[in-house]
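Working notes for the structure below.
The structure presented is a predicted model; accordingly, all values stated were derived computationally and were not measured. Atoms within each ligand, like the ligands themselves, are counted from 1 in listed order.
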Amino acid sequence: MTEKIRIAVVGAGISGLAAVKECVAAGFEVEAFDSRDEIGGAWAYQHCTPDATPSEVWSSMYQGTMLNSCRDTSSFSDFPLDPARYSDYFKHPLMLQYLNEYADHFDLRKHVRLRTKVLECTARGDGSWTVRIQEDGGRVQDKVFNAVFACTGHLSTPMVPEFKGRETFKGQFFHSHCYRTPGPFEGKRVAIIGFGSSAVDIACEIAPQAKELHMVTRRGGWVLPRYVLGKPTEAWDNRATQLWVPSSLSQWLQTKLLQLVDIPPPKELVPEHKLLEQNPTVRGDFTEKVATGLIAVQRASVDSFTETGLALSTGASLDVDIVICATGYNLFDIPYLPSDLVRNESTPQNAVDLYKLLMSPRYTNVFLLGFAEVIGPLPPTVEAQARHAVGILGGRIKRPSQDQMIRHIKKFHEFQAKHFVDSPRHSIATHAIAYNDDLLEPLGAVPTFGRLLTKVFTSNPIKAMKVLNAVWFGIPSSAQWRLCGEGKKEPLARATVLRIAAEERELSRSEREFLVTTT
Ligand SMILES: NC(=O)C1=CN([C@@H]2O[C@H](COP(=O)(O)OP(=O)(O)OC[C@H]3O[C@@H](n4cnc5c(N)ncnc54)[C@H](OP(=O)(O)O)[C@@H]3O)[C@@H](O)[C@H]2O)C=CC1
């Protein structure tokens with residue numbers, strides 16, 4: 001009898017749960033470890049105050065966090081979000097609820113060891129790994145696995161730049177990681193450094209109550225509303241425009257659409273890069289708050305801190321009571337993995353040595369899930385990463401040689417330099433549909449036009465045409481990656497794709513029936 005492949009999954013959030021599920025489906029033996037006492041990872045809200053020690057805060061979720069991608073694109077591919085219970089966009093407790101429902105539906109909890117921290121993973125030289133775990137801060141134990149799936153995300157270690165004179169500032173200073181509610185900022189003068197999703201969300205929450213709210217951004221950026229002409233913004237994008245229309249043309253069209261429907265941003269905000277060359281921020285009330293003067297924007301770098309605030313590169317200075325540093329995260333601080341796994345001394349600046357943002361050419365049998373900055377929703381992508389990794393371990397996908405990986409990575413660096421802004425977070429940026437397709441094509445699981453057209457001639461033609469239309473010209477739902485190939489769940493996926501296209505307000509009867517029978 002052949003021995004089962006044994007997998008260690010580190011983290012039980014979105015990526016970890018998807019990894020466990022795919023490993024179990026492939027017949028692997030899997031143990032997941034999470035230091036917290038509940039599943040959900042970053043989506044499991046943790047209360048803290050701005051003066052908390054950042055290393056003791058494991059979730060950056062604030063009370064107002066709401067999904068940036070919409071329900072119909074953001075579910076796992078074989079576990080649809082029910083419109084009757086989940087609105088187009090929803091707040092973080094509902095995402096945690098969904099992850100719990102996913103874990104229960106696929107019976108994943110029995111594979112997860114909570115309150116168990118992974119201290120270190122060491123390559124053993126034969127492709128296997130020793131994983132050192134600690135239970136409840138007590139007993140330390142070494143366990144051997146055939147492979148490690150690192151699923152702890154890239155939002156654990158706040159990045160605080162070295163600002164000149166920061167110690168001289170007499171006001172309050174903290175990282176957005178420890179922000180939770182706007183209450184403490186009532187009547188205060190606040191400056192926020194950075195212009196990512198955290199900065200824009202926090203600015204919009206605080207601005208109505210603060211005395212002054214300033215944002216300091218060195219690059220500017222695009223901010224998309226959640227809705228355009230009554231539909232979720234993603235409904236204006238689809239597989240055909242992403243894959244057939246040259247990206248410069250589709251970005252131009254989308255920018256024009258944005259200009260037509262939204263208040264024009266002030267010139268300080270308009271960036272030099274195009275719409276999809278950064279991970280866009282999503283916030284419907286931001287431009288209005290800028291236009292009405294609730295938020296003041298400074299296009300500048302921080303030269304230094306002063307006793308009373310910030311001195312900016314433009315020569316302006318800001319006197320404030322509080323500075324919030326919303327400058328993102330040390331993306332590849334993965335303390336339990338070898339330090340040269342992702343980058344070493346020869347890696348170019350703002351780049352990573354990861355094949356398909358998933359595997360290191362320097363180590364075998366370790367897969368990084370959820371470390372991509374996806375321009376699109378995360379769940380379908382981590383699932384595609386898990387399916388690809390499982391495909392390699394199970395022998396269904398040919399494992400690339402080290403040379404092949406290195407060549408691929410070099411091309412990837414060139415692609416990133418051409419298509420994304422030059423910044424650490426965009427070293428791992430990727431467009432969802434093309435990236436998911438790339439991971440799933442070796443499994444035959446991409447709903448290509450040809451594959452779906454063939455169905456028109458080999459099955460119910462009207463239904464097959466509707467599916468083709470929905471997948472190529474409709475909102476990019478994740479169920480599309482379960483229509484064909486290895487791991488397909490065609491009846492359920494077809495029902496989901498058609499229900500979303502029909503804009504039904506609840507799961508269809510077929511979906512409910514298939515969900516009872518598919519785990
Ligand atoms: N609702 C949701 O779903 C939310 C999702 N998120 C996600 O969490 C992740 C982290 O987001 P966020 O915390 O905003 O971090 P980001 O890394 O996305 O943004 C960091 C910002 O800080 C700026 N910055 C970095 N270093 C400096 C510096 N030295 N001086 C001035 N500015 C600096 C960056 O500017 P530059 O571009 O110039 O480098 C950028 O504007 C993202 O994936 C985001 O999508 C976050 C909040 C809400």
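The pair K21-D78 meets the salt-bridge criterion, since a charged nitrogen lies less than 4.0 angstrom from a carboxylate oxygen. Salt bridge status for K418 with E277: absent, with no side-chain N to carboxylate O gap under 4.0 Å. Between D104 and R109 there is a salt bridge, since a side-chain N of the basic residue sits under 4.0 Å from a carboxylate O of the acidic one.
Closer than 4.0 angstrom to ligand 1 lie heavy atoms from Y62, T65, M66, N68, L155, M159, P161, I193, G194, F195, G196, S197, S198, D201, R218, R219, A326, T327, G328, Y329, E373, S423, R425.
Stacking of R115 on the aromatic ring of F33 is not recorded, the 6.0 Å distance cut-off and the 45° axial limit not both being met. In this structure, R71 forms no cation-pi arrangement with Y86, as its terminal cationic atom is not both closer than 6.0 Å to the ring centre and no more than 45° off the ring axis.
For the residue pair R482 / S77, a side-chain donor-acceptor distance below 3.5 Å is found, with atom types taken as modelled.
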